[in-house]
Colleague: 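First the structure, then my questions, so here it is.
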There are 2 protein chains.
Amino acid sequence: MTTMKEIAQRTGVSVSTVSLVLNGRDEGRVKSEVAAEVRRTAKELGYTSNPLARSLRTGKTRILGFVSEEVATTPYAGGIILGAQDAASRLGYMLLTVNTDGRANEDEEIATLKRYGVDGFMYAKMSNRYVDVPAVLDDYPLVLVDATDRAGRIPSIEPDEFRIAYDATMRLVDAGCERIAYVGCDEPMVAQEGRLAGYRSALEDAGRVFDEALVANVLNNGPALRAVDALFDRESPDGFFCFNDARAWYVYECAARRGLTVGRDVSVVGVDNHRIFAETLEPQLTTVELPHYEMGYWAACKLVSLIEDRDPSGFDVPDTTAPLPPYDGCNPAKVHCTLVEKASVRGSAQSDALSPA
Amino acid sequence: MTTMKEIAQRTGVSVSTVSLVLNGRDEGRVKSEVAAEVRRTAKELGYTSNPLARSLRTGKTRILGFVSEEVATTPYAGGIILGAQDAASRLGYMLLTVNTDGRANEDEEIATLKRYGVDGFMYAKMSNRYVDVPAVLDDYPLVLVDATDRAGRIPSIEPDEFRIAYDATMRLVDAGCERIAYVGCDEPMVAQEGRLAGYRSALEDAGRVFDEALVANVLNNGPALRAVDALFDRESPDGFFCFNDARAWYVYECAARRGLTVGRDVSVVGVDNHRIFAETLEPQLTTVELPHYEMGYWAACKLVSLIEDRDPSGFDVPDTTAPLPPYDGCNPAKVHCTLVEKASVRGSAQSDALSPA
DNA sequence: GTGAAAGCGCTAACAC
DNA sequence: GTGTTAGCGCTTTCAC
């Protein structure tokens, strides 16, 4: 690793001058020929700065701390972290991630991140819920990801749960479904509340009456499967909005057992959490893809804007090949969902699905 | 953040002495009363070392680089990274992870990690395949995770693919299945090769003949579903070993359409990649859980042993509440799979599944 | 046994 | 315009 010292020696100037030039602070301070020569030598020697040494001096590490739980148990995390990493990388930051097993080791992990000198924190949950932010984060720049501050003080990047369900339900209405069921999650959380409200609102805007009987909030495994089965028997729905792919799977199994084909006989719009829809059932349903990558990306942007105390919308994000969501400085923001229309819902019949036996 | 300097001042000794004591090198060099006083003061002031400053001096950062691709698209990654993080954390290291989009930005990301002074690298793939290790990693301690070095030079931690399939197939044999199908992946890779061989071997050891017609290597979506459907029609298998949950899903759907219940009429053993089995179908099948966490954990242990050039089995891993896989210093290692028996396979009938309509 | 001093690579006052 | 100097927090050699 070449150092500024070496460049200084080769160029015959002092280290300070090299530092000035290589940090772009030479304008009007260093003669341009000298500056050019320094830059040339730096390039020739393949100089890259030593972030540790710089940090020691400046007190800034350009490292962002990413604190989350459950990273091991959901694939959500990957997308969020990737987005955060990409944004960080483009803004010249690194991401240091830690996992916590609930509150137990959380403070400790955060303390470790502090020791490594992170400039700020992202605090992520893997499904939008109300959180009490740990006090140890109080005096650091902080952004919540897929979580909502109960106290309403901390900026957060979260999906627009209401709109997810509203749009999905409207899609089913537009497809001609008469009896639209909501297969939700039997746990109180922001996502569940918001989505149920969106479902209800869409129905009302479409001139339907909200019917409690069409709502099945289920947990998992056998009991969930039986609950969905009962819903089929009792209400004969022809459209389903599913909270996630696990719930959609129950609908699939129940439909299959009745000789009904999803995408032809019944319609399903589901939130794809495990990316398994895309891999297995793409042609048969409409998926709602949560913008995990974008949430991570925007969260990192927001955090950097807090750290550097500058206008977040003015980010000079370099172009790359991958298409990027424009960052609009939202704060606190609801990130819109993405409705990915994979195929027909009920009504159009070019389904790629297997016909009933 | 308190520094050694402050401790030195409060204690009336020099910084060097404090350093000696706080690094445990005081034995026979510093009077024990002084050492005790230093330690007391450090504790009182809540001293924690500044890793950056130390690194600047020692050239060691106690940071491990974790390079992987596809983190966003598979939930595998979470488990591996979590394991690696846990091990790193216990051994006093941090994990700096980067994602790559294929070879394109890989060298660049690795270069960034180098700039941050990582002591070594883990290079992970998200499904066991042969890899050519990037040359830029050549002069660093390196361990592959869920990947196999084509050149056979680099140690790796990978699942024992053969044994996964062997055990799973034997399980189906033991359950009384007569016609056991292999629903695999239509791509050449270590996992696929190893598993097909294990399947074949188990059949032969059970006195069966391997029958090509029972092997369906499929891709996904409609074509995969139709291929599995054809397999049902053509061969009427009563047992299935599935490469992953996506493949198992096709089996589920085909079975459901025929009024067959998995766990009663047909048996399925599948590798659970997306953790969706556990959430949805737990009672109906036997899942093979790949030891992602353990792979990450052991990989980090192995890497640290390379970095510190010490016997890997001698790790003094502190006890915690969570049960941990013992690290046995394997190198290069095959990590055994974990067969998690959730329920009956064919023959015993206490399935919690929904009965056919 | 303990302290003074040098230096890791870099930045930032302040001289000149 | 450029160099000198000091110092971020720590480790390590070498005097005393």
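Below, chain A is the first sequence line, B the second, and so on; all start at residue 1.
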Colleague: Using a cut-off of 4.0 Å on non-hydrogen atoms, how would the nucleic acid contact of B/Gly28 be classed: base, sugar-phosphate, or nothing?
Modeller: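 Counting heavy atoms under 4.0 Å across all strands, the contact made by B/Gly28 is with sugar-phosphate only.
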Colleague: Can you tell me how far C1' of D/dC8 sits from CG of B/Asn50, to the nearest Å?
Modeller: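 It is 9 Å, rounded to the nearest whole Å.
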Colleague: For the side chain of B/Lys5, counting heavy atoms from C-beta on, which of D/dT2, D/dC8, C/dT2 is nearest?
Modeller: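 It is D/dC8.
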Colleague: Using modelled atom types only, decide if a donor and an acceptor are shared between the side chain of B/Ser68 and the backbone of B/Asn99 within a distance under 3.5 Å.
Modeller: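 No; judged by distance alone, with no hydrogens or angles, the pair does not exist.
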Colleague: State plainly whether the residues B/Glu37 and B/Lys31 are in salt-bridge range, i.e. N to O under 4.0 Å.
Modeller: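 Not counted as a salt bridge, because no side-chain N and carboxylate O are separated by less than 4.0 Å.
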Colleague: In whole angstroms, how far is the P atom of C/dA12 from the NZ atom of A/Lys60?
Modeller: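 It is 12 Å, rounded to the nearest whole Å.
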Colleague: The side chain of A/Arg57 is closest to which nucleotide in this list: C/dG9, D/dG7, C/dT2?
Modeller: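 Between C/dG9, D/dG7, C/dT2, the one nearest the side chain of A/Arg57 would be D/dG7.
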Colleague: Are the side chain of B/Thr61 and the backbone N or O of B/Ile63 linked by a donor-acceptor pair below 3.5 Å?
Modeller: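 Pair found, side chain donor or acceptor close to backbone of B/Ile63.
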Colleague: For the helix from C/dG1-D/dC16 to C/dC16-D/dG1, how many degrees between its two end axes (five pairs per end), to the nearest 10°?
Modeller: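 Overall, the helix from C/dG1-D/dC16 to C/dC16-D/dG1 bends by 50° from one end axis to the other.
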Colleague: Nearest 0.5 Å, please: how far is CD1 in B/Ile80 from CD in B/Gln85?
Modeller: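 Going from CD on B/Gln85 over to CD1 on B/Ile80, the span is 12.5 Å.
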Colleague: Once you round it to whole Å, what is the distance between P of C/dA12 and CG of A/Leu56?
Modeller: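 It is 13 Å, rounded to the nearest whole Å.
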Colleague: For B/Asn23 and D/dT11, is the shortest distance between a side-chain N/O and OP1 or OP2 below 4.0 Å?
Modeller: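 True: B/Asn23 side-chain N/O within range (under 4.0 Å) of D/dT11 OP1/OP2.
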Colleague: Can you work out whether B/Leu20 or B/Ala53 has the more 5'-proximal nearest nucleotide on DNA chain D?
Modeller: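 Final value for this comparison: B/Ala53.
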Colleague: To the nearest Å, give me how far apart CG (B/Leu45) and C1' (D/dG9) are.
Modeller: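 So the two atoms are 15 Å apart, to the nearest Å.
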Colleague: Between atom CZ in A/Arg54 and atom C1' in D/dG9, what is the gap in whole Å?
Modeller: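 It is 18 Å, rounded to the nearest whole Å.
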Colleague: What is the nucleic acid contact for B/Val13, judged by heavy atoms within less than 4.0 Å: base, sugar-phosphate only, or nothing?
Modeller: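 The answer is sugar-phosphate, as B/Val13 gets under 4.0 Å only of primed atoms, P, OP1 or OP2.
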Colleague: Applying a 4.0 Å non-hydrogen cut-off, can you work out what A/Gly12 is touching in the nucleic acid: base, sugar-phosphate, or nothing?
Modeller: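 Result for A/Gly12 = sugar-phosphate.
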Colleague: Report yes if at least one side-chain N or O of B/Thr17 is closer than 4.0 Å to OP1 or OP2 of C/dG3; otherwise report no.
Modeller: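 Checking C/dG3 against B/Thr17, a side-chain N or O does come within under 4.0 Å of OP1 or OP2.
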Colleague: Could you state the atom-to-atom distance from CZ of B/Arg25 to P of C/dG1 in whole Å?
Modeller: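 So the CZ-P distance, B/Arg25 to C/dG1, works out to 18 Å.
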Colleague: Taking the side chain of B/Ser16 as heavy atoms from C-beta outward, which of C/dA4, D/dT11, C/dC10 is closest to it?
Modeller: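 Closest of the options to the side chain of B/Ser16: C/dA4.
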Colleague: I would like to know whether A/Glu308 and A/Asp119 meet side chain to side chain contact (heavy atoms under 4.5 Å, CB included); could you show each step before the answer?
Modeller: CA-CA 10 Å; A/Glu308 302 184 354; A/Asp119 294 336; over 6 Å; no
Colleague: How long is the line joining CE of B/Met4 and C1' of D/dC8, in whole Å?
Modeller: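 Between C1' of D/dC8 and CE of B/Met4: 14 Å.
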Colleague: Considering only NZ, NE, NH1 and NH2 on the basic side and carboxylate oxygens on the acidic side, decide whether B/Glu33 and B/Arg40 come within less than 4.0 Å.
Modeller: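 Salt bridge absent between B/Glu33 and B/Arg40.
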Colleague: Quick one: is C/dG1 close enough that its OP1 or OP2 comes under 4.0 Å of any side-chain N or O from B/Arg29?
Modeller: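 No, outside the criterion.
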Colleague: Do A/Thr17 and A/Ser14 pass the side chain to side chain donor-acceptor pair (under 3.5 Å) test, and can you show the C-alpha distance, the side-chain angles, and the key distance before you say yes or no?
Modeller: CA-CA 5 Å; A/Thr17 307; A/Ser14 78; 3.2 Å; yes
Colleague: OP1, OP2 of D/dT11 versus side-chain N and O of B/Ser19: anything below 4.0 Å?
Modeller: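 Indeed, a polar side-chain atom of B/Ser19 lies that close.
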Colleague: Using modelled atom types only, decide if a donor and an acceptor are shared between the side chain of B/Arg10 and the backbone of B/Ala42 within a distance under 3.5 Å.
Modeller: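 The answer is no, because no donor-acceptor pair under 3.5 Å joins these two groups.
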Colleague: Rounding to an integer number of Å, can you tell me how far B/Tyr116 OH sits from C/dC10 P?
Modeller: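 After rounding, the gap between these two atoms is 13 Å.
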